[in-house]
Amino acid sequence: MTDSVALQTGLKGLKMNYFKFIFLLAATFFVIGCSEKEKVYTTFERPDWRVDLSGYVDSPVWTVDQMGAENNPDWKIDMEMRQEPPVYTLPDANIMPVSMTAVIQLTPFLEAYLDPGDKMLAYIDEECRGEGVMKEIDGKKLFFIMIKAPATESGLVSFLYYSNKNHAVYQTTPEITFEIDRIYGDIESPIFPDFEQSGKYPNRMQATIRLPEILPGEWTESDVVAAFVGSECRGVGRFVGNRQYMMEVRGSKSDQENICFKYYNASNKNIYKSESTYPLVNLDSLGSEKHPVIIDLVSHSNMAAVVRISDELGVFANPESDQIAAFVGEECRAKGVLKMQNGKPYYIMQIKGRTSVNEKISFRYYSANNKYLYQTGAYLTFSDDGIYGSESEPEILPLDLDGKYPLQMKAYLTLPTNLCAYVQEGDQVAAFVGNECRGASRVELHDGNPYFKLDIIGRLGVGESFIIRYYNTRNRYLYETTEYYNFEHQKNLGTEESPLCLTLTNVE
């Protein structure tokens with residue numbers, strides 16, 4: 001006998017058993033008052049009760065694009081010092097009738113920042129004695145200064161240079177004795193005052209480096225090599241052939257700086273850095289044209305992250321099948337590598353990013369047991385060489401748990417006696433939290449009696465209560481329970497042997 005036939009036979013038996021009850025009930029109504037009419041309730045179309053399974057997905061395929069995220073980097077030394085231009089008064093020729101002349105040229109390093117707004121001044125003590133005029137002669141950019149003084153002057157002259165581009169004031173120590181009609185330097189042999197000793201990066205070192213034989217991408221003329229101290233660019237390489245670059249590396253007044261080299265490969269848009277670092281020694285050389293330093297390269301523009309899921313979600317973890325990945329927008333930037341600590345999973349990843357923009361990182365976690373994709377918002381700012389979490393203390397991901405129902409409970413339900421006579425195949429019950437269906441089932445028979453077995457799902461992190469609704473296909477009435485039931489994970493409402501008898505009221 002099929003389940004459907006058994007159900008129909010059982011339901012017929014129920015109708016015979018309740019026939020006398022119905023007859024007596026009708027007779028009672030007739031005696032009480034034939035004039036009273038039976039109340040008619042609103043009828044409803046058969047509902048299509050079902051749990052919304054949107055969000056329940058198969059295991060995703062996340063792929064990290066091996067192409068980099070970097071545009072051609074604008075690496076250069078930041079010479080900005082945020083200093084105000086000098087305030088000065090030019091000397092009165094009537095008071096200072098004699099003079100000497102100085103012809104000055106900037107070093108190639110400073111000349112690269114030359115600007116029409118620059119100032120070249122001469123001082124004796126704290127008094128301005130002349131302003132330079134810049135002229136280009138035979139390709140040389142020269143400053144000519146007439147230094148004024150009284151006839152009795154014998155003081156020492158110093159020079160001040162203001163770089164408009166760098167907003168920086170450079171000044172020499174007073175070392176040149178004033179002499180009437182003296183010409184200090186000339187067009188052929190101008191003087192080069194040591195302005196850089198008062199600048200941001202007074203130390204300098206020559207470096208000649210060579211890229212390794214095997215590169216992570218095809219070499220092109222757009223590739224760039226530069227020297228760095230931490231995140232500060234201290235020199236940009238000049239390509240001299242055969243994967244070799246030469247550069248002047250600049251250092252601050254500190255004598256404890258170490259440099260590394262960064263390499264941008266334009267063919268795969270990735271940045272790499274030398275795994276080794278080198279001390280920056282003033283007036284020294286690192287490598288030579290004949291014997292360059294061959295640098296070792298490791299991936300750069302990465303941020304390390306060590307993360308885990310919350311304990312609340314962790315009870316559903318399936319470490320071998322779960323996945324975690326980091327995203328910038330819809331672009332996967334890293335996939336987590338599974339590790340275990342005290343029986344709990346955590347994940348290590350190297351997140352690729354752009355150093356030139358302020359990128360925000362989000363995380364996605366796929367739970368294989370729940371068949372659901374949990375996500376965070378974009379909350380973590382990419383930091384070159386940054387670290388988020390540690391293996392001893394992984395960061396707990398702030399995943400959004402709203403809208404997903406990994407919690408489960410069961411309900412075994414039966415109908416009150418006055419409704420059992422009207423039960424027929426196709427009747428159904430469903431659990432609702434608000435207007436959200438959390439479980440639905442159709443009528444079954446147990447020991448010849450109609451009952452409903454209902455799987456109800458719940459949300460993480462919130463206390464929820466639900467009602468039960470029942471639809472009768474014969475009279476097309478809709479009923480619901482008069483009380484709410486608290487959702488409790490892995491608990492049962494009633495049992496198969498002793499189902500809970502619902503107290504129902506008509507939905508009008």
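- Across all non-hydrogen atoms, the minimal contact from A326 to F363 is CB-CE2, 3.9 Å.
- Residues forming a side chain to side chain contact (heavy atoms under 4.5 Å, CB included) with E179 (at least two apart in sequence, or on another chain): R182.
- Distance check, rounded to the nearest 0.5 Å: CG of N166 to CE of M81 gives 9.0 Å.
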Q: Determine, stepwise, if the pair F239 / W219 fulfils ring pair (Phe, Tyr, Trp, His ring centres under 6.0 Å).
A: CA-CA 12 Å; F239 178 64; W219 184 89; 4.7 Å; yes

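- Ion pairing between a basic and an acidic side chain is recognised when a charged N comes within 4.0 Å of a carboxylate O; R50 and D48 show such pairing.
- For E218, the CD atom sits in a loose shell: 12 or fewer heavy atoms of surrounding residues, nucleotides or ligands are nearer than 6.0 Å.
- Taking the six-membered ring where tryptophan is involved, the planes of F327 and W62 are perpendicular, since the angle between them exceeds 60° and thus also 30°.
- For the pairing with N370, the side-chain hydrogen bond (donor to acceptor under 3.5 Å, both in side chains) check across Y366, Y374, Y372 returns one residue only, Y374.
- Aromatic pair F228/W75: centroids less than 6.0 angstrom apart.
- Minimum interatomic distance between R459 and L401 (heavy atoms only, all atoms of both residues): CG-O, 4.3 Å.
- For D181, the CG atom sits in a loose shell: 12 or fewer heavy atoms of surrounding residues, nucleotides or ligands are nearer than 6.0 Å.
- We find the CG-CG distance between D284 and N203 to be 11.5 Å, quoted to the nearest 0.5 Å.
- Here CD of Q341 is found 7.5 Å from OG of S392. Values are rounded to the nearest 0.5 Å.
- The CG atom of N268 lies 9.5 Å from the OG1 atom of T220; values are rounded to the nearest 0.5 Å.
- Applying the salt bridge (Lys or Arg N to Asp or Glu O under 4.0 Å) test to E320 and every residue at least two apart in sequence or in another chain returns nothing.
- A salt bridge is absent between E393 and R308: the closest approach of a Lys/Arg side-chain nitrogen to an acidic carboxylate oxygen does not fall below 4.0 angstrom.
- Counted by atom type alone, K200 and S252 present zero donor-acceptor pairs between their side chains at under 3.5 Å.
- The CD1 atom of I259 sits 5.5 Å away from the CG atom of L286 when rounded to the nearest 0.5 Å.
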Name the atoms and distances for all side-chain donor-acceptor pairs under 3.5 Å in residues 140-158, with sequence neighbours left out.
residue	atom	partner	partner atom	Å
K140	NZ	I187	O	3.2
K140	NZ	E188	O	3.2
E153	OE1	R129	NH1	3.0
E153	OE1	R129	NH2	3.0
E153	OE2	G155	N	2.8

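- Remark: K119 is not positioned above the aromatic ring of Y162, lacking an NZ or CZ atom under 6.0 angstrom from the ring centre and at most 45 degrees off the axis.
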Q: Apply salt bridge (Lys or Arg N to Asp or Glu O under 4.0 Å) to R364 and E330, showing your working.
A: CA-CA 11 Å; R364 299 179 188 180; E330 291 300 314; 3.0 Å; yes

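- Nearest heavy atoms, M340 versus P319: SD-CB, 4.2 Å.
- In this structure, R238 does not pair ionically with E248, as no charged nitrogen and carboxylate oxygen lie closer than 4.0 Å.
- Residues E80 and H167 have side chains that bring a donor and an acceptor to within less than 3.5 angstrom of each other.
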Q. Going through the checks in order, is the side chain to side chain donor-acceptor pair (under 3.5 Å) test met by E175 and T173?
A. CA-CA 6 Å; E175 295 179 348; T173 55; 3.0 Å; yes

Q: Apply side chain to side chain donor-acceptor pair (under 3.5 Å) to E391 and Y346, showing your working.
A: CA-CA 8 Å; E391 291 201 54; Y346 68 98; 2.8 Å; yes

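- Sorted by first and then second residue, the pairs that involve residues 337-346 and meet salt bridge (Lys or Arg N to Asp or Glu O under 4.0 Å), not counting sequence neighbours, are D311-K344.
- Residue L338 holds its CG atom at 9.5 Å from CD1 of I348, rounded to the nearest 0.5 Å.
- Of all non-hydrogen atoms in S198 and Q171, the two that sit nearest each other are OG-N, 2.9 Å.
- For R82, there are no salt bridge (Lys or Arg N to Asp or Glu O under 4.0 Å) partners at least two apart in sequence or on another chain.
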Only pairs under 3.5 Å count here: list side-chain donor-acceptor contacts from residues 96-109, not counting sequence neighbours, and write none if there are none.
residue	atom	partner	partner atom	Å
T107	OG1	L110	N	3.4
T107	OG1	E196	OE2	2.5

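- Ring to ring, Y161 and F195 are close: their centroids are under 6.0 angstrom apart.
- With hydrogens and angles disregarded, a donor-acceptor distance shorter than 3.5 Å links the side chain of N265 to the backbone of G217.
- Applying the salt bridge (Lys or Arg N to Asp or Glu O under 4.0 Å) test to K491 and every residue at least two apart in sequence or in another chain returns nothing.
- Using a 3.5 Å distance cut-off with no hydrogens or angles, the side chains of D296 and S276 do pair a donor with an acceptor.
- The environment of CD in Q375 is crowded: more than 12 heavy-atom neighbours from other residues, nucleotides or ligands sit within 6.0 Å.
- Around atom NZ of K253, more than 12 heavy atoms belonging to other residues, nucleotides or ligands sit under 6.0 Å away.
- Considering only heavy atoms from C-beta on, T381 comes within 4.5 Å of N358 through its side chain.
- The two residues A304 and Q350 make their nearest non-hydrogen contact at CB-NE2, 3.6 Å.
- Note on ring orientation: taking the six-membered ring where Trp is involved, the planes of F466 and Y485 are tilted (angle from 30° to 60°).
- Applying the salt bridge (Lys or Arg N to Asp or Glu O under 4.0 Å) test to pairs two or more places apart or on separate chains, none has a residue in residues 91-111.
- Remark: Y123 pairs with no residue by the side chain to side chain donor-acceptor pair (under 3.5 Å) rule, at least two apart or across chains.
- For D138, the CG atom is loosely surrounded, since the number of other residues' heavy atoms within 6.0 Å does not exceed 12.
- Scored by the side chain to side chain donor-acceptor pair (under 3.5 Å) test, Y365 finds D322 as partners (sequence neighbours excluded).
- Taking the charged nitrogens against the carboxylate oxygens, D455 and K410 do have a contact shorter than 4.0 Å, which makes a salt bridge.
- Using a 4.5 Å cut-off on side-chain heavy atoms (C-beta onward), Q206 and S285 make contact.
- Listed by chain and number, the residues in a salt bridge (Lys or Arg N to Asp or Glu O under 4.0 Å) with E232 are R234 (sequence neighbours excluded).
- The environment of K76 atom NZ is sparse: at most 12 non-hydrogen atoms of other residues, nucleotides or ligands sit within 6.0 angstrom.
- Considering only residues two or more places apart in sequence or on other chains, S321 meets the side chain to side chain contact (heavy atoms under 4.5 Å, CB included) condition with N318, A368.
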